[in-house]
Number of protein chains: 2
Amino acid sequence: MTNPDTRTQILDAAAHLFAERGYRGTSVRAVTDRAGANLAAVGYHFGSKAELLAAVARRVVEPIITAQCAALDRLLAENPEPPVADLVAAWVGPMFDEMSAAEGTSKLIMMILGDPAEEVRSWTGPAQSTVYDRYLAAFRHALPALSPEELWFRMRGLLAVTAVDRAEGACRVGGEESRAYAITFLAAAMSAPPT
Amino acid sequence: MTNPDTRTQILDAAAHLFAERGYRGTSVRAVTDRAGANLAAVGYHFGSKAELLAAVARRVVEPIITAQCAALDRLLAENPEPPVADLVAAWVGPMFDEMSAAEGTSKLIMMILGDPAEEVRSWTGPAQSTVYDRYLAAFRHALPALSPEELWFRMRGLLAVTAVDRAEGACRVGGEESRAYAITFLAAAMSAPPT
DNA sequence: GCCTCATTCAAACGTTCGTTTAAATCAGTC
DNA sequence: GACTGATTTAAACGAACGTTTGAATGAGGC
């Protein structure tokens, strides 16, 4: 299997540059220059620029969704129907953990969410929708009065706040404070009585 | 003043294509082809591709922020310290009105918010921060217990939910329903007790 | 008719892009 | 030390990009 050294250095460089300048705004040459690799290394190790983005996105998102799954498992082991605030904390926590661990991760996620090009979104795997559906079911039990449409709307708000606020807010508010802010903000929003 | 016909046709085409494929993903040639204009028309009427984006963004955002200002004025005329739910409705309402009026407007806003390139963000004018600061002050009176940091965090959540949820949710949920969902969701979130 | 000015047009400019190629280098194995 | 397969390298490819140019076109005033 391909030399892991230059491969991961390309992944690191690409993650930083994609977050900083976007997918289309980052040239393969800029990535390989930053990685100290040859221009052709991207084609050799990943096949194409689009597949490089898919690899970068997978490496960023996978630890988040496995941590979200684990947190939900822990919650369900104690209580088959966890309260809303715990579900919010289990969902939001891993995003803050991983986003704080690697600088610019939140900007990268925001870039992926915001880019309208199919090329940028098509990396998504089945694990993503799985964890999403599991939380959806848990919230449905915790909020039985909500219509499916309104619940779906609130789930989208969950993702929006965590992604956007972390992307731009990290510079103004500390990580731990903004994690607590997000949980109170979102727990109140999710728990609101139906419209 | 330059022929308004081709000028607005270029603006329409650019608004649609920027929303669909992003700024960098849209070529000047694609814009002029869709507008039925010559390639050089963009340079003639706008100066450059970046200035075209600025014009598109201004045309989309300006009616929203003037409507938000007007709604806040109406509120303050009745009550110098309006409740949180009214402030949220005054803020969210115009975004839904304008976003529903023009197809793809929310995707365009999402594209602008998500694009990390300075080129894409630099169009922003002073009117934007003005309306933002006015709502910030109004919310500060309505929520005196909140620290400035947490209030600032919640204001960002306000924008995140309206932009993101409208961008991807429009296809699943009707405009009027999702406006009501957004107001209950955000009013509860903003009214939450301090962390 | 002629001049003026704004607008449109076809064509080309130079640059940057993602990808490909074929030779060069390196690490093991015999 | 030669063979093998994986990796790196320099160079080039063709395409697409934003921008510029200079001539053509159109309408309105004199």
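Quick note: numbers below take in every heavy atom, side chains included, and nothing from hydrogens, waters or symmetry partners. Convention: sequence-line order gives letters A, B, ...; per-chain numbering from 1.
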N/O donor-acceptor pairs under 3.5 Å from side chains in residues 56-66 of chain A, not counting sequence neighbours:
residue, atom, partner, partner atom, Å
Arg59(A), NH1, Asp12(A), OD1, 3.0
Arg59(A), NH2, Asp12(A), OD1, 3.0
Thr66(A), OG1, Glu62(A), O, 3.3
Thr66(A), OG1, Pro63(A), O, 3.1

key: Derivation and outcome, side chain to side chain contact (heavy atoms under 4.5 Å, CB included), residues Arg24(A) and Tyr23(B)   = CA-CA 9 Å; Arg24(A) 292 206 147 94; Tyr23(B) 174 68; over 6 Å; no
query = side chain to side chain contact (heavy atoms under 4.5 Å, CB included) with Ala188(A): which residues, sequence neighbours excluded?
reply = Ala192(B)
query = Does the side chain of Thr6(A) get closer than 4.0 angstrom to OP1 or OP2 of dT8(D) through an N or O atom?
reply =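 Answer yes for this pair, as a side-chain N or O of Thr6(A) is under 4.0 Å from OP1 or OP2.
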N or O in side chain of His45(A) less than 4.0 angstrom from dT8(D) OP1/OP2 =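 Result: yes.
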request  = Could you tell me whether Thr32(B) contacts a base, only the sugar-phosphate backbone, or nothing, with contacts defined as non-hydrogen atoms closer than 4.0 Å?
outcome  = nothing
ask   = Mind checking what makes ring pair (Phe, Tyr, Trp, His ring centres under 6.0 Å) contact with Phe46(A), not counting sequence neighbours?
value =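 Partners of Phe46(A) under the ring pair (Phe, Tyr, Trp, His ring centres under 6.0 Å) test: none.
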ask   = For Phe139(B), which residues count as a ring pair (Phe, Tyr, Trp, His ring centres under 6.0 Å) partner, sequence neighbours excluded?
value =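 With sequence neighbours excluded, Phe139(B) shows a ring pair (Phe, Tyr, Trp, His ring centres under 6.0 Å) to no residue whatsoever.
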inquiry  = Return a single string for nucleotides 19-27 of chain C, one symbol per nucleotide in 5' to 3' order, where B is base contact, S is sugar-phosphate-only contact and - is none, cutoff 4.0 angstrom on heavy atoms.
reply    = BBB------
Between [atom2] of [N] and [atom1] of [X], the distance in whole Å:
{"X": "Asp5(B)", "N": "dA27(D)", "atom1": "CG", "atom2": "C1'", "answer": "15 Å"}
{"X": "Ile10(A)", "N": "dT7(D)", "atom1": "CD1", "atom2": "P", "answer": "12 Å"}
{"X": "Asp33(A)", "N": "dT8(D)", "atom1": "CG", "atom2": "P", "answer": "15 Å"}
{"X": "Phe46(A)", "N": "dT8(D)", "atom1": "CZ", "atom2": "C1'", "answer": "15 Å"}
{"X": "Arg24(A)", "N": "dG18(D)", "atom1": "CZ", "atom2": "C1'", "answer": "16 Å"}
{"X": "Tyr44(A)", "N": "dT9(D)", "atom1": "OH", "atom2": "C1'", "answer": "13 Å"}
{"X": "Leu17(A)", "N": "dG18(C)", "atom1": "CG", "atom2": "P", "answer": "12 Å"}

Which atom pairs, donor and acceptor, lie under 3.5 Å between side-chain atoms of residues 77-85 of chain B and protein residues at least two apart or in another chain?
residue, atom, partner, partner atom, Å
Asn79(B), OD1, Glu81(B), N, 2.9
Asn79(B), ND2, Glu81(B), O, 3.3

Test side-chain hydrogen bond (donor to acceptor under 3.5 Å, both in side chains) applied to Glu51(B) and Ser48(B), step by step = CA-CA 5 Å; Glu51(B) 292 173 273; Ser48(B) 69; 3.2 Å; yes
request  = Between dC17(C), dG18(D), dT8(C), spot the one nearest the side chain of Ser27(B), thanks.
outcome  = dG18(D)
